[in-house]
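Note on naming: letters A, B, ... go to the chains in the order of the sequence lines (proteins, then strands), and numbering restarts at 1 for each one. Hydrogens, waters and symmetry mates are skipped; everything else that's a heavy atom, side chains included, is used.
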Protein chains: 2
Amino acid sequence: MASKNLSKDIEKIAPSTMADVVETRLREYLKRKAFKPGDALPKELELAEALDVSRNVVREALSRLRMLGMIESRKKRGMVLAEPDILGGFERVMDPLILDQNTLQDLFELRLVLEMGLADVLYTRMTDKDLKELEQIVGKEINKVQKPFKVKYEIAFHGKLYQMTGNETFMRFQNMLLPVFEYVVSEEAKINGEAKVGKVTHRDLLELLKTGGPEDFRQGMKEHLSPHFERMKR
Amino acid sequence: MASKNLSKDIEKIAPSTMADVVETRLREYLKRKAFKPGDALPKELELAEALDVSRNVVREALSRLRMLGMIESRKKRGMVLAEPDILGGFERVMDPLILDQNTLQDLFELRLVLEMGLADVLYTRMTDKDLKELEQIVGKEINKVQKPFKVKYEIAFHGKLYQMTGNETFMRFQNMLLPVFEYVVSEEAKINGEAKVGKVTHRDLLELLKTGGPEDFRQGMKEHLSPHFERMKR
DNA sequence: TTCATCATTATGTAGGACAAAATAAAAATA
DNA sequence: TATTTTTATTTTGTCCTACATAATGATGAA
């Protein structure tokens, strides 16, 4: 299949610098030696000597790992392996304005998939307290037809759903996808006019949560998101 | 709610270094000035001077952005903003052995959600060729009961499903989640014994794809993954 | 024994130097 | 004049040295 995005298919000619090499070497080393969080790493100078590069290069590589949260370092005590922040790297590059169109589209779809798959986890974890909070959100939402308000409650409602899964990573993830989602929708609106709204409202979804089962909720959600699904088909 | 994971709730005391500051400053700068891919960045020395730090520090920060694919640089030509690799940062930290237990669990659930949400995109995009390939995979799978083979075809089948979505990001994402999934399952097996298999097989799922609709497929998938869902409830 | 002081050590930051590559400018050739 | 070759320049990549800083351990004084 001839892909639309060449740069994804053909590997970029990367004039790999020493820092690049050292970075992967270090990661390999940590993996091979089965380093665990808390373990102390060799000193910068030792690494530099062992790899036969300058301390400078080692530091550039370490700086990268430090950004990802893989290592922490304090003066004199040296560096220790840490539990990385799984979404940190994601967060930093999640900017609709610099991502290419295909990736944006991919992420848009990803969120749709997440919403559709949410039901089962939701029914496993949700509490009465959650439902009450959701009730409040829906309650405040009525009669808000202006754009900024609509968006605000859209985020509040769906955000609460993710929160109800009790899955922290999940929630952060969706929060990061939000700007992308909004961007894609608004861009689309510029071309094809304002998107229609699905027949199923937030209140309907809440009602389904209270009285229905996962399947009912999922069908409701599908209807709620139907304009976006329509868009996807093109 | 008292969380199980303290380090996620309380912000880590981060003795932020110059490189940290410069990194965020740079990202802010790029965003504020609405840099687009292809635009040339100021020279290292100019940045160093403007920020009043050594070129060394600037380079450490730039090295981070370079790792994320946000910038590319060539000698003499300087640096240009590039389209970052959205999953690059993810890929680098996706190691079951260094991620904490909660995050692993979160990612495990994330994959379950993805599988459940897959159906609609799948029915929108799948081709006859896809189904034939899936047929082949299922065909080779029969009579393979030994562990390593089972895992292999498990990956092949589900991997193909993701590929059928035509969503590159999606596919890469699931590929990265695989090691986590396997790890969690095998760890679980050590404690509670080998997990049972769902009643719905890959062949059944394929049949559903051919003859049924999204809802049927989803129900099948839910059954197929039911042992994992059971595990989740605890 | 306890507290204060000092020495040591590893990371963090600064600055200078030069190599290498890519470009622009200048010179030489057809 | 047009084109190729050579030279100069510029910017990143790498190395080195030096010192500040903070945490640790050792030493010595009360």
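Comparing C:dT23, D:dT11, D:dT14 against the side chain of B:Arg77 picks out C:dT23 as the nearest. For B:Lys76, whose side chain is taken as the heavy atoms from C-beta onward, the closest listed nucleotide among D:dT24, C:dT23, C:dG12 is C:dT23. With D:dC15, C:dA14, C:dA20 as the candidates, the nucleotide lying closest to the side chain of B:Lys75 is C:dA20. The side chain of B:Arg66 approaches D:dG13 more closely than any other nucleotide in the set C:dG12, D:dT11, D:dG13. For B:Arg55, whose side chain is taken as the heavy atoms from C-beta onward, the closest listed nucleotide among C:dA17, D:dT21, D:dA23 is C:dA17.
Counting all heavy atoms, side chain and backbone alike, B:Asp85 lies closest to A:Val93 at O-CG2, 4.4 Å.
Of the two residues contacting DNA chain C, namely A:Met79 and B:Val53, the nearest-nucleotide position lying further toward the 5' end is that of A:Met79.
Near DNA chain C, meaning a heavy atom under 4.0 Å away, there are no residues from residues 32-42 of chain B.
With a 4.5 Å cut-off on side-chain heavy atoms, B:Arg125 and A:Glu109 count as touching. Taking 4.5 Å as the limit, every side-chain heavy atom of A:Val121 sits out of range of all side-chain heavy atoms of A:Asn167.
The CG-P distance, from B:Leu62 to D:dT14, rounds to 13 Å in whole Å. In this structure, the CG atom of A:Asp20 is 11 Å from the C1' atom of D:dG13, given to the nearest Å. To the nearest angstrom, P of C:dG12 lies 17 Å from CZ of B:Arg59. The interatomic distance linking B:Glu44 (CD) with C:dG15 (P) rounds to 15 Å, in whole Å. The distance between atom CD of B:Glu49 and atom P of C:dA14, rounded to the nearest whole Å, is 13 Å. Rounded to whole Å, atom P of D:dT10 lies 21 Å from atom CZ of B:Arg74. Rounded to an integer number of Å, the gap from B:Leu45 CG to C:dG16 C1' is 11 Å.
Salt-bridge check for A:Glu133 with A:Lys129: passed, with a basic side-chain N closer than 4.0 Å to an acidic carboxylate O.
An OP1 or OP2 oxygen of C:dA14 is reached within less than 4.0 angstrom by a side-chain nitrogen or oxygen of B:Ser54. A close approach under 4.0 Å does not occur between any side-chain nitrogen or oxygen of B:Ser73 and OP1 or OP2 of D:dT11.
Within 3.5 Å, a donor on the side chain of B:Asn56 pairs with an acceptor on the base of C:dG15, or the reverse.
Between the side chain of B:Arg25 and the backbone N or O of B:Leu51, no donor-acceptor pair lies under 3.5 Å. Judged by distance alone, the side chain of B:Thr124 and the main-chain N or O of B:Asp120 form a donor-acceptor pair under 3.5 Å.
Side-chain contact of A:Asp20 with A:Thr17: a donor-acceptor pair under 3.5 Å is present, judged by distance alone.
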